[in-house]
Amino acid sequence: MARPATEWVNVTSNISLIARDSGEVWFHSPSGTKEEADPFATPMTAAGAPGSTIGLLDGAINLGFSGIGHRLARPDPTVVGYIVALVGAYHTSVDTPRNLRRAASRFKELGRPEVAAYLEERAREETGHDRLALKDLRALGVPAERLVANFIPEGIKPLCKRFDDLCVEDYPIGCIGYSYCLERIAALKQETDIEKVQALCPNGVDATRFLRSHSCLGSEVAHVEETISFVATLPANDRITVVQETYQSALIMAEGYNHELLKSEAEMLEELEQAVGEALPYRASSSPSRGEKHSARAVA
Ligand SMILES: [Fe+2]
Ligand SMILES: [Fe+2]
């Protein structure tokens, strides 16, 4: 019987992820192992397979988030927190098509038409998602354009910068890892998560267009599946970089989202009102001291 395919990627100085096509995933620390006796000390070179690709990509996300696991904010959702999250969603999607097309044209120059075609398809699919967030903000009675022009949530800035930087690299394969990280996390959102947000919104207001589209009910599930299939076909060096970048993006995302989610509702409202230069039709339901956990979960 053929042995199941095994893939591995070193993601930190002392942790490698190992995954089998059968679905098993584990972390491996080479410390104390003699290099010649450690089969995972040298980079993998064999072809990929979808089962092990999922294991590596999702393992990278889990590892990235595990660092903040014990201090992960789990606030009750509020409209004010949801507005901040929608602004973040806008900023993480507004430049996506342009960035992906830039990376695609680089892969055309590099003689990799299959990567270029994949990225161009992704760029088409992501077009207009920023407008979903704007529509949701407008539905909530917020001056959406002015708000997003004047305000990027502090915790979202490093994430946007990472994607911008990845897409202009000489060899921008890492942008696939970043996109996978965001889409995979979005696809974890369930119908009940959307219902909770809907329950916060004023009666008759539909402000969950972006959230629905970036949840298990929307296109993200297909995007995740397509990315896994595509990554599995890439050469080993590309798969290694994609998994490493998935891990780096998860680290940045975990820190950034936590930064936003740990703010009090009053702090968030103040930031929003300063950005638009007027009072918003919402009041903080309480004024907790700094560091207490009162806000909505991020939507992107
Ligand atoms: Fe999107
Ligand atoms: Fe997507």
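Worth saying up front: this structure is predicted, and the values here are computed from it rather than measured. Just so you know, residue 1 is the first one in the sequence shown, and it goes up from there.
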Rounded distance (nearest 0.5 Å) linking atom [atom1] of [X] with atom [atom2] of [Y]:
X: C201; Y: D206; atom1: SG; atom2: CG; value: 8.0 Å
X: L63; Y: D58; atom1: CG; atom2: CG; value: 12.5 Å
X: L119; Y: I176; atom1: CG; atom2: CD1; value: 5.0 Å
X: I152; Y: K161; atom1: CD1; atom2: NZ; value: 12.5 Å
X: E126; Y: S219; atom1: CD; atom2: OG; value: 6.5 Å
X: T241; Y: I173; atom1: OG1; atom2: CD1; value: 7.5 Å

Going only through I, L, V, M, F, W and Y residues with side-chain contacts under 4.5 Å, is there a path from [X] to [Y]?
X: L272; Y: L200; value: yes
X: V168; Y: L166; value: no
X: V221; Y: I194; value: no

So [Y] and [X], do their side chains get closer than 4.5 Å, heavy atoms only?
X: S229; Y: P50; answer: no
X: E145; Y: R138; answer: yes
X: I61; Y: L57; answer: no
X: E225; Y: E220; answer: no
X: E260; Y: V84; answer: yes
X: L86; Y: V142; answer: no
X: I240; Y: M44; answer: yes
X: L188; Y: C216; answer: no

Would you call the rings of H129 and H223 parallel, tilted or perpendicular if under 30° counts as parallel and over 60° as perpendicular? parallel
Aromatic ring pairing W26/F40, orientation class (parallel under 30°, perpendicular over 60°, tilted between): perpendicular
Looking only at non-hydrogen atoms, find the nearest pair between [X] and [Y] and report the distance.
X: V224; Y: A187; result: CG2-CB, 4.3 Å
X: V205; Y: Q198; result: O-NE2, 2.8 Å
X: M253; Y: C181; result: SD-SG, 3.9 Å
X: L140; Y: A207; result: CG-CB, 3.7 Å
X: P153; Y: H91; result: CD-CD2, 4.4 Å
X: A275; Y: L147; result: CB-CD1, 3.9 Å

Start with the C-alpha distance between V276 and N150, add both sets of side-chain angles, then the distance that settles side-chain contact (heavy atoms from CB on, under 4.5 Å), and finish with yes or no. CA-CA 7 Å; V276 293; N150 294 334; 5.9 Å; no
Can we say [X] and [Y] salt-bridge, meaning some charged N sits less than 4.0 Å from an Asp/Glu carboxylate O?
X: E191; Y: K196; result: no
X: E271; Y: K263; result: yes
X: E273; Y: R283; result: yes
X: E278; Y: R146; result: yes
X: R122; Y: E226; result: yes
X: R162; Y: E245; result: yes

Would you check, one step at a time, whether the test side-chain hydrogen bond (donor to acceptor under 3.5 Å, both in side chains) holds for N10 with T12? CA-CA 6 Å; N10 184 246; T12 74; 5.7 Å; no
Quick one: list whatever passes side-chain hydrogen bond (donor to acceptor under 3.5 Å, both in side chains) with Q248, sequence neighbours left out. none
Atom pairs and distances, side-chain donor-acceptor, residues 95-103, under 3.5 Å, sequence neighbours left out:
from	atom 1	to	atom 2	distance (Å)
T96	OG1	T92	O	3.0
T96	OG1	S93	O	3.4
N99	ND2	D164	OD1	2.9

Might you confirm whether atom NZ of K157 has over 12 heavy atoms from other residues, nucleotides or ligands at distances under 6.0 Å? yes
Have [X] and [Y] got a donor and an acceptor in their side chains that come within less than 3.5 Å?
X: Q190; Y: T192; value: no
X: Y118; Y: R112; value: no
X: S264; Y: E267; value: yes

Could you go step by step and tell me if D193 and R212 meet the salt bridge (Lys or Arg N to Asp or Glu O under 4.0 Å) rule? CA-CA 10 Å; D193 297 317; R212 283 200 306 274; over 6 Å; no
Step through it carefully: locate the ring centre of F210, locate the ring centre of Y90, and say whether they are under 6.0 Å apart. no
If only atom types and distance count, is the side chain of W8 paired as donor or acceptor with the main-chain N or O of H28 below 3.5 Å? no
T233 side-chain N/O to F230 backbone N/O, donor-acceptor pair under 3.5 Å: yes
Going through the checks in order, is the side-chain contact (heavy atoms from CB on, under 4.5 Å) test met by C175 and F163? CA-CA 6 Å; C175 70; F163 192 47; 3.8 Å; yes
side-chain contact (heavy atoms from CB on, under 4.5 Å) between T208 and D136, worked out: CA-CA 6 Å; T208 58; D136 289 338; 5.6 Å; no
Would you please name every residue forming a side chain to side chain contact (heavy atoms under 4.5 Å, CB included) with A19, sequence neighbours left out? V25, S52, L56
What verdict does the side-chain contact (heavy atoms from CB on, under 4.5 Å) test give for L251 and Y247, after you've listed the backbone C-alpha separation in whole Å, the side-chain angles of each residue and the deciding distance to 0.1 Å? CA-CA 6 Å; L251 277 181; Y247 170 70; 3.7 Å; yes
